[in-house]
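Below is one structure, written out as structure tokens; the observations come after it.
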Number of protein chains: 2
Amino acid sequence: MARELETKDAEPAAGKRVRADAQRNMDGLLKAAMEVFAVSGVDAPVREIASKAGVGVGTLYRHFPQRSDLIVAVFRREIDACADAAEALAAEYPPAEALARWMQRFVDFISAKRGLSSALHSGDPAYEPLPAYFDQRLRPALENLLQAAEEAGEIRSGVDPTDLLHAVARLSGTGDATGKDHARRMVALLVDGLRYRGDNETAG
Amino acid sequence: MARELETKDAEPAAGKRVRADAQRNMDGLLKAAMEVFAVSGVDAPVREIASKAGVGVGTLYRHFPQRSDLIVAVFRREIDACADAAEALAAEYPPAEALARWMQRFVDFISAKRGLSSALHSGDPAYEPLPAYFDQRLRPALENLLQAAEEAGEIRSGVDPTDLLHAVARLSGTGDATGKDHARRMVALLVDGLRYRGDNETAG
DNA sequence: CTATATACGGAACGATGTTCCGTTTATCAA
DNA sequence: TTGATAAACGGAACATCGTTCCGTATATAG
């Protein structure tokens, strides 16, 4: 899998020829970042990543001018996989259950990447492309699930997918070990809220 | 109101006599911090607060060794007010509605303090006393509301107040201007989730 | 093999949190 | 009133971090 990452992940070849050392360093940075992110979260010091990759910080900034560029590059495959999971679940389960399951799938992903949630909502311009990519890949996936469940009459209508995506991402931002379970419970509650239809309906 | 803060807020007099300049600087720091927090959020630079108060950073650290000590001191009155609001709402509305309204009250509070939400969940040891004070004041308030609504059969049982408190705080962490509305919607959804009782109940 | 565009590395800068200690001063007792 | 002294003050100093910049090294084309 690391093999594939080295050869295919970074720019299949965009017009100009890429210098071999540049490609090598790029791959090394991705690999190092993946490892560092896994143990220290996405807020890990830049120098740590650069040194683990055996390059200077200048090289890191050359390839990833924005911190979020590195994050997106590292997690792109997983984000895409999460988006793709929506279709699979929709094919296998009734609409509302597919929705509920995908939500948990999303929780699993975000919970596993410490600091990703805060980064997503920090508002820091350095992280701008990050929400953008989430919106591009994940929002349509959720939108389809929502629409199907709405049309089946299993959940209320008028729910904004972006709203939900942000909410779940926020709930999944974790620190301690029990954070993931907490997030799962609260997201499940949110889904039940979508299903609720009472006289005193609070939201909608 | 600033008057009251100066005379009553900071340690009514604990055993030893407090030097007048110390008390004065303490009050000045609280006032400065309140203003700075309001415009720059709770992550504002320490130096900014110290200089606005006309003291050195050493003085700030002497009075508030942990950053969260300053935050708690500044917001203590508002936190207490939020906790007290629970009783008032419980007396005026049916259990579940009192619960829903208090949740929104809590959203208003957290949304107004930029960065407070992240600080609460950062896991940073420097912020440790902050969740502690929230737990001490707000959790019992919510616990009462939940219990009343449970006993009235208006919501499901078995919901952990701490879970909910954390969840709402997370949802209320905002950056942009529309953040508060988003939080209100999502929290309302969460409350509806508490009310939902279906065959496919997801959480509980 | 040489020229040159490209990439590299890390020193340097500015911002920040935190500590430390020489200096100042409020308080109290004589 | 006046000195002694414990307490508090202030800000320099240190460590860490993100980010920029530019002299140096080198991969590649011809």
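Scope of the values below: all heavy atoms of this structure, side chains included, with no hydrogens, waters or symmetry mates. A note on names: the letters A, B, ... follow the listed sequences, proteins ahead of strands, and every chain is numbered from 1.
- Within the cation-pi definition used here (under 6.0 Å to the ring centroid, within 45° of the axis), A:R76 qualifies as a partner of A:Y133.
- For the helix from C:dC1-D:dG30 to C:dA30-D:dT1, the terminal axes (five pairs an end, C1' atoms, rotation from four pairs onto the next four) enclose an angle of 10°, given to 10 degrees.
- In this structure, A:R114 forms no cation-pi arrangement with A:F37, as its terminal cationic atom is not both closer than 6.0 Å to the ring centre and no more than 45° off the ring axis.
- Using a 30° and 60° split on the angle between ring planes, B:F106 and B:W102 fall in the parallel class, below 30°.
- In this structure, the side chain of A:R170 does not engage the main chain of A:S117 through any donor-acceptor pair within 3.5 Å.
- Atom CZ of B:F64 and atom C1' of D:dC9 are 15 Å apart (whole Å).
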Checklist entry - Please walk me through it: do B:R185 and A:D160 pass salt bridge (Lys or Arg N to Asp or Glu O under 4.0 Å)? => result CA-CA 10 Å; B:R185 283 196 298 275; A:D160 180 5; 5.4 Å; no
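- In this structure, B:R101 is positioned above the aromatic face of B:Y93, its NZ or CZ under 6.0 Å from the six-membered ring centre and within 45° of the axis.
- Straight-line distance from the CG atom of B:L29 to the C1' atom of D:dC9: 12 Å, rounded to whole Å.
- In this structure B:R137 satisfies the salt bridge (charged side-chain N to carboxylate O under 4.0 Å, His left out) test together with B:D80, B:D84, sequence neighbours excluded.
- Distance NE2 (A:H63) to P (D:dT19): 17 Å, rounded to an integer number of Å.
- Protein atom CD of A:E48 is 12 Å distant from nucleotide atom C1' of D:dC17, rounded to whole Å.
- In this structure, B:T59 reaches the D:dG10 phosphate: one of its side-chain N or O atoms is under 4.0 Å from OP1 or OP2.
- With B:L164 as the fixed residue, the side chain to side chain contact (heavy atoms under 4.5 Å, CB included) test singles out one of B:V187, B:V191, B:V159, B:L145: B:V159.
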Any N/O pairs under 3.5 Å between the protein and nucleotides 15-19 of chain C? List them or say none.
{"unit_1": "C:dG17", "atom_1": "OP2", "unit_2": "B:V46", "atom_2": "N", "d": "2.9"}
{"unit_1": "C:dG17", "atom_1": "N7", "unit_2": "B:R47", "atom_2": "NH2", "d": "2.7"}
{"unit_1": "C:dG17", "atom_1": "O6", "unit_2": "B:R47", "atom_2": "NH2", "d": "2.8"}
{"unit_1": "C:dT18", "atom_1": "OP2", "unit_2": "B:Y61", "atom_2": "OH", "d": "2.9"}
{"unit_1": "C:dT18", "atom_1": "O4", "unit_2": "B:R47", "atom_2": "NH1", "d": "3.4"}

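- A close approach under 4.0 Å does occur between a side-chain nitrogen or oxygen of A:N25 and OP1 or OP2 of C:dC8.
- With sequence neighbours excluded, the residues that form a salt bridge (charged side-chain N to carboxylate O under 4.0 Å, His left out) with A:R139 are A:D135, A:E143.
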Checklist entry - If the sugar-phosphate is the primed atoms plus P, OP1 and OP2 and the base is the rest, what is the B/S/- string for nucleotides 22-29 of chain D, using protein heavy atoms under 4.0 Å? => result ----BSS-
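- Regarding B:M26, its CE atom lies at a distance of 15 Å from the C1' atom of D:dC9, rounded to whole Å.
- Contacts classified as ring pair (Phe, Tyr, Trp, His ring centres under 6.0 Å) and involving residues 44-68 of chain B (residues at least two apart or in different chains) are not found.
- Between A:L89 and A:L99, every side-chain heavy-atom pair lies at or beyond the 4.5 Å cut-off.
- If you measure from atom CD1 of A:I49 to atom C1' of C:dG9, you get 17 Å, rounded to the nearest angstrom.
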